[in-house]
Amino acid sequence: MASHHSEPLDSAAAADAPSDNNPELPCPPYHIVTKPGQLPVEFLEPSAAQKLVIGFDCEGVDLCRNGALCIMQLAFPDAVYLVDAIEGGKELIQACKPALESDHITKVIHDCKRDSEALYFQFGIKLHNVMDTQIAYSLIQEQEQEGKKKTSDDYNYISFVSLLADKRFCGIPYPEKEEVRTLLRQDPNFWTIRPLSDMMVRAATDDVRFLLNIYEKMMEKLSKVSLWRLAVRSELYCRCFCLNDNQFADWSPLPPVPDDIEADVYVPEVDILSVLDVPPGKMGRVIGRKGSTIMAVKESCNVEIHIGGAKGPPDRVFIIGPVKEVRKAEAIFRGRMLEF
């Protein structure tokens, strides 16, 4: 049985950790979890009386519907829990299902699409009540650039490393991320190795331990309308690659427009997720040379566009945005697919 740690990273690991660059964010204790009973009761038994906000992430081998989820990281204010899906098995992850689907626990994560896909197809978990920091960042950028003409750079999605480096939210370098990427290229099964090495623990912990601090700073900057759009779009991110036959009827409904938004404030149209089927051999026309078609559609339609890439699905395009803008994007893509 894997050990259950309850102490900070050892001094050698801590010396390499990003916390040294930001003394206000000390390295928290971590726990390696192999049994449900090692998790906090308030997490396992969500309650309206004790609402939680936690940092959240997953690590795995080719993390998607067909890959393997190996570790699920949960960052609480006082500790990080590394939920070991290899040692604990499906039973351990299933024990987390009520929390991951709960209205009472906010999961703060950077780009939840693949994590949600893995949880849905491997464990039947419908990730819900997510605050996605990638979306929040783009909404803050929109607020700050309101009235300005957008450039191509405004349509790029910020990486977690770049978000950490942004002084408005964290302001720390994260060179360890590239180190782990290098190890993953050398050994794609890196996250299956047991026992977890100091580097694996540090990397998994660092991916979540800053999220609560970033969350607080982002929430202060977001307007009421942006907070609503964040809630809706985070739900759509959770669904993005989780295709099913009932149009997500068994998922939680999208958040309605809040009552406390002033009537004289312009409320944007509700975002939707559209899945566009691409005939064999046509994806190149949809993407365009070096992504030129996708970029042009984003600039003219104010939508997000995601493709499955190597992890799939290979024959679909996922479009997120206001209804009219999504329909316009669909029409452009269909026109491109009809060209000879």
Side-chain angles (χ1 to χ4, degrees), residues 53-67 69-75 100 106-122 125-142 153-166 168-170 174 176-178 180-181 184 191 203-215 217-219 222 226-227 229-243 271 273 275 291 294 298 303-313 316-321:
V53 179
I54 63 171
F56 180 79
D57 192 26
C58 297
E59 308 293 350
V61 178
D62 200 23
L63 193 66
C64 62
R65 72 188 63 196
N66 300 317
L69 191 155
C70 299
I71 299 174
M72 189 167 67
Q73 304 106 288
L74 312 173
L100 299 180
T106 300
K107 280 69 68 173
V108 183
I109 182 172
H110 189 81
D111 191 5
C112 67
K113 296 188 294 294
R114 290 299 184 188
D115 304 73
S116 180
E117 181 186 20
L119 288 167
Y120 181 65
F121 286 102
Q122 296 177 37
I125 294 171
K126 296 182 280 289
L127 189 61
H128 170 60
N129 196 21
V130 161
M131 185 281 200
D132 195 301
T133 55
Q134 188 176 75
I135 301 169
Y137 182 90
S138 68
L139 290 170
I140 291 169
Q141 292 294 96
E142 279 187 30
D153 289 340
D154 296 326
Y155 297 90
N156 295 328
Y157 308 111
I158 190 166
S159 69
F160 185 56
V161 172
S162 296
L163 177 63
L164 285 180
D166 192 316
R168 293 174 298 171
F169 307 111
C170 205
Y174 193 5
E176 291 86 355
K177 193 71 174 177
E178 186 54 43
V180 172
R181 288 195 184 112
L184 280 169
W191 287 111
T205 302
D206 284 349
D207 273 355
V208 292
R209 68 187 183 93
F210 305 103
L211 286 171
L212 295 182
N213 185 66
I214 292 171
Y215 166 83
K217 293 183 177 179
M218 285 184 157
M219 295 298 278
L222 290 161
S226 292
L227 285 170
R229 292 183 64 196
L230 171 61
V232 172
R233 193 161 289 196
S234 292
E235 290 292 321
L236 295 177
Y237 262 39
C238 288
R239 303 177 189 199
C240 188
F241 296 135
C242 299
L243 299 176
D271 286 343
L273 166 65
V275 183
I294 287 178
K298 286 181 182 179
V303 294
E304 286 191 29
I305 300 164
H306 304 282
I307 56 175
K311 293 182 179 180
R316 291 182 174 89
V317 175
F318 303 86
I319 310 171
I320 296 176

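With Gln73 contributing its side chain and Gly55 its backbone, the two residues share no donor-acceptor pair below 3.5 Å. Judged by distance alone, the side chain of Glu304 and the main-chain N or O of Gly321 form no donor-acceptor pair under 3.5 Å.
Using bins of under 30°, 30° to 60° and over 60° for the plane-to-plane angle, the ring pair Tyr137/Phe169 lands in the perpendicular bin.
Taking Asp57 as the reference, nothing meets the salt bridge (charged side-chain N to carboxylate O under 4.0 Å, His left out) condition, with sequence neighbours excluded. The ring-ring contact (aromatic ring centres under 6.0 Å, His included) search around Phe121 returns none, not counting sequence neighbours.
Taking CG from Leu273 and CZ from Phe318, the interatomic distance works out to 7.5 Å, rounded to the nearest 0.5 Å. To the nearest 0.5 Å, the span separating CG on Leu69 from CZ on Arg114 amounts to 13.5 Å.
Between Arg233 and Leu139 there is no side-chain heavy-atom pair separated by less than 4.5 Å. The shortest distance between side-chain heavy atoms of Tyr174 and Phe210 does not fall below 4.5 Å. Contact of the Trp191 side chain with the Val180 side chain is registered, since non-hydrogen atoms from C-beta on lie closer than 4.5 Å. Annotation: side chain of Arg168 is in contact with side chain of Ile140 (closest heavy-atom distance under 4.5 Å). Residues Asp206 and Phe160 have side chains not in contact (no heavy-atom distance under 4.5 Å, counting atoms from C-beta outward). Looking only at side-chain heavy atoms (C-beta outward), Met72 and Phe56 come within less than 4.5 Å of each other.
Electrostatic pairing of Arg229 and Glu142 counts as a salt bridge here, judged by a charged N lying under 4.0 Å from a carboxylate O.
Scanning both residues, Ile294 and Ile305, for their nearest heavy atoms gives O-CD1, 3.8 Å. Of all heavy-atom pairs between Gln134 and Ile158, the closest is NE2-O, 3.2 Å. Looking at every heavy atom in both residues, Cys112 comes nearest to Leu127 through CB-CD2, 4.3 Å. The minimum heavy-atom distance between Val130 and Glu235, with the atom names listed, is N-OE2, 4.0 Å. When all heavy atoms of Leu63 and Ala118 are compared, the closest pair comes out as CD1-CB, 3.7 Å.
Between His306 and Phe241, a ring centre-to-centre spacing not shorter than 6.0 Å is recorded.
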